[in-house]
Amino acid sequence: MMKLLTRFSLINLLVMVLIFFVSSLVIYELFQAILIKEMDGDLGGIEKKVKNYIAQYHSLPEGYPLDEEKISFEPTGQQIVDSSSNTVLLYSEREKKMHNFRQRIFPLKLNNIWYRVAVAKPIEGIHHLSRAIIRISLVTILVTILVVVLLNSIMLRRLWKPFYASLGIMRNFKLGRTASLNFPSTKVEEFAFMNESLLLATQKAEQDYLLLKEFTENASHEMQTPLSIIRSKLDVLIQEKGLSEKQGELAKGAYAAIRRMSRLNHSLLLLAKIENHQYAHTEEIALKEKLEEKINQFQELWQSHRISTSFSIQETNIHINPELMEALLNNLFSNASNHNIAGGSILIELQANRLSIGNTGHSGALDEKRLFTRFYKESINSNSNGLGLSIIKQIAKVSSITIDYRFQNNLHSFILSW
Amino acid sequence: MKLLVIEDELELSKSICSYLKSDNFICVPSYDFQDAMNKIHETDYACILLDISLPMGNGLNILRELKNLGKADGVLIISAKNSLQDKVSGLELGADDYLTKPFHLPELSARVGAIIRRKTFDGQNRIIIDELIIDIQDKTVKGKSGNIDLTRKEYELLVYFAGNKNKVLTKEAIVEHLWGEHIDMANNNDFIYTHIKNLRKKLLTAGCKDYIKAVYGMGYKFETEVKEKKPSKK
């Protein structure tokens, strides 16, 4: 990932280098053209001088060996078509090597003989010129890059400040937790527009979230009410005089089904609420006391099922929502009890930041991959709705607790660490 | 004693009234918010059963109105919303107890009884059944031949029975009352037998009648042939 500023600077630099390159080229070409035009003008002047000389002295002028200009007179039988200018390679006396010359050729008539006159001047200045242009360009590019980098790091950073501020606010935004978002005010139209849109979007999300929360609660309400009615009708029904034993048995079956349904509904609602982050409030809980309290609640049940227990409990704290802590322990304990065998055992260990609950059971090691999925059932057990472990998993997830399953010495253990 | 049952579900309201009316209670049903508001203005009730999610109005506003009127009616909230926030705001507004649907009617009856005892007989919070005297304040029980020493569970069981005299109580309802509904265990209803057996034995030893009867495999019934003698309250 690349920062927007870095990316922008990179593109900016590339384009700038390209523009400088092209403009240098154009300037070079332009200068050359101007220079050559100037030279052509000079050569034209020489032509005029030569013509004046001939008109005055009626003889060919002598060459000046010290001059850089070269003049040659070549008699031709007839008049050459026209005067012309072009660039040619000629031997330079001064530099003792072949050199670029600008040459002008024109016809001349002296004593009835036509001459082809060639006047040439070395185009030396262009080399110096191009070197100068390249040097200037390079310096300008470097200076510009420096200025751009500085500008970006200072000006742009300052300009984009409201953007990054909004970004930071959005990153911290959590549904159901944040009050109305407070974006910094900005004079930049785009940022103001963005902040406004973000505010609207988050408000909408917050609203939808509240609606969803309301929906889950309403759904549960809708389910609980008919369940209440059925249960209340049974409560009244069994008060009837002369109820037969068979009718009693039937009522018992109906009671058990209502209980299951009610628990299932309760579990699904709990899961939905956890997933909707409705248990955002957390506090520091002394787990030792909480665990001992829970053990007291279950002790009698275990005794009646001849389940032996062994505890090793040390003081430790955990940061979690208290309602979720309660649900977590209830589910862990119920799980260890429900899947136990008569005469089995339960082993509870609490160490610093680690809780392990192990129990004997009917089956061998459980399928770890499917263990925490909803409605997973290892065996046919009408009392379990298959949601206990996924509730445990969900609570662990939102409370930053890691949970491991181990099967050792016929003991199914769930190890929670935080 | 008058009970106001504010519950929009007709069938549930009928069940509640049918279960409670035999206990010296007159049940006045109310099915909507406005009617309930009118009724609390008209007269005082020993206890108000309040469903907080009513059509056309929040039940919590009825609580607020009761507070404004300075009424001391006992209020038991019955709600399908098992959320802590609702419980807290309900109790903060002066409700006496909170029960989540789906509840057992015996549980409702026991809680209504507890609220009425607290509100009506201040300092004299006792249940008297023949020679049996249960002192709720001190958590002591007296029989014909003096104090009966009960365990906590046996005591709770007796109070629960006393709140549901002559009613068939399922083992399930008893277990949920004594251990809470989160205790979920296969065949967990049979181990209450020990507690029942011990309580019955202790009551008999103290010279009480044999109140506790088993009803088939379904549950138990606390039978009082003679009507309960209420403390001096007309």
Side-chain angles (χ1 to χ4, degrees), chain A residues 217-218 220-236 238-240 243-249 251-252 255-256 258-259 261-263 265-266 269-270 273 278 297-298 300-305 322-323 326-327 329-331 333-334 337-340 381-384 388, chain B residues 7-19 22 51 53 78-86 100-109 153 166-173 175-176 178-195 215-219 221:
Chain A
E217 289 195 350
N218 287 344
S220 118
H221 173 82
E222 294 307 320
M223 286 268 270
Q224 305 284 43
T225 304
L227 279 173
S228 298
I229 295 173
I230 303 170
R231 185 177 269 180
S232 72
K233 294 291 161 199
L234 283 172
D235 283 341
V236 174
I238 60 167
Q239 308 307 329
E240 291 291 315
L243 201 71
S244 76
E245 188 164 356
K246 177 136 193 240
Q247 285 163 336
E249 276 300 317
K252 205 173 144 186
Y255 269 121
I258 293 167
R259 188 179 153 83
M261 184 80 187
S262 153
R263 285 182 165 278
N265 192 31
H266 185 256
L269 183 66
L270 181 65
K273 278 176 153 184
Q278 288 181 33
Q297 281 179 20
F298 276 78
E300 204 167 353
L301 276 149
W302 291 331
Q303 277 165 14
S304 76
H305 283 247
E323 279 179 86
E326 181 76 20
L329 288 182
N330 279 339
N331 277 289
F333 276 51
S334 297
S337 318
N338 278 330
H339 301 287
N340 222 318
N381 183 351
S382 66
N383 201 50
S384 142
Chain B
E7 165 62 63
D8 58 304
E9 288 290 335
L10 179 69
E11 286 301 329
L12 187 57
S13 179
K14 271 160 76 178
S15 299
I16 292 171
C17 290
S18 153
Y19 191 89
S22 36
D51 183 347
S53 31
I78 44 180
S79 167
K81 294 182 183 176
N82 184 20
S83 97
L84 192 70
Q85 190 49 50
D86 282 327
T100 309
K101 289 180 186 176
F103 46 78
H104 292 272
L105 287 180
E107 184 65 38
L108 181 77
S109 173
K153 285 277 181 287
N166 302 313
K167 291 274 165 40
V168 178
L169 305 180
T170 61
K171 290 176 189 168
E172 187 188 295
V175 166
E176 277 201 16
L178 293 187
W179 282 275
E181 53 184 326
H182 50 266
I183 299 251
D184 184 17
M185 198 167 172
N187 313 314
N188 63 0
N189 294 344
D190 285 320
F191 75 98
I192 61 164
Y193 173 71
T194 329
H195 295 284
V215 183
Y216 319 128
M218 202 159 59
K221 193 175 189 175

Could you tell me if the side chain of A:Y255 sits less than 4.5 Å from the side chain of A:I238, heavy atoms only?
yes
Within-4.5 Å side-chain heavy-atom neighbours: A:S337 and A:L301
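Counting from C-beta outward, A:S337 and A:L301 never come under 4.5 Å.
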Would you mind checking which part of A:A251 comes under 4.5 Å of any heavy atom in chain B, side chain (CB onward), backbone (N, CA, C, O), both or neither?
side chain
Give, as side chain, backbone, both or neither, the part of A:L270 having an atom under 4.5 angstrom from any heavy atom of chain B.
neither
Can you say whether B:E7 sits under 4.5 Å from chain A via the side chain, the backbone, both, or neither, judging by heavy atoms?
neither
Among A:E245, A:Q303, A:R231, which residue has the highest count of heavy-atom pairs closer than 4.5 Å to chain B?
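Top option by heavy-atom pairs under 4.5 Å: A:R231.
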Here the gap from A:S228 atom OG to B:H104 atom NE2, rounded to the nearest 0.5 Å, amounts to 10.5 Å
Heavy-atom pair count under 4.5 Å with chain A, highest-scoring of B:K153, B:M218, B:K14:
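The residue among B:K153, B:M218, B:K14 with the greatest pair count is B:M218.
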Spell out, as yes or no, whether a donor-acceptor pair under 3.5 Å connects the side chain of B:K167 to the backbone of A:D235.
no
Residues in side-chain hydrogen bond (donor to acceptor under 3.5 Å, both in side chains) contact with A:E300, at least two apart in sequence or another chain:
B:W179, B:H195
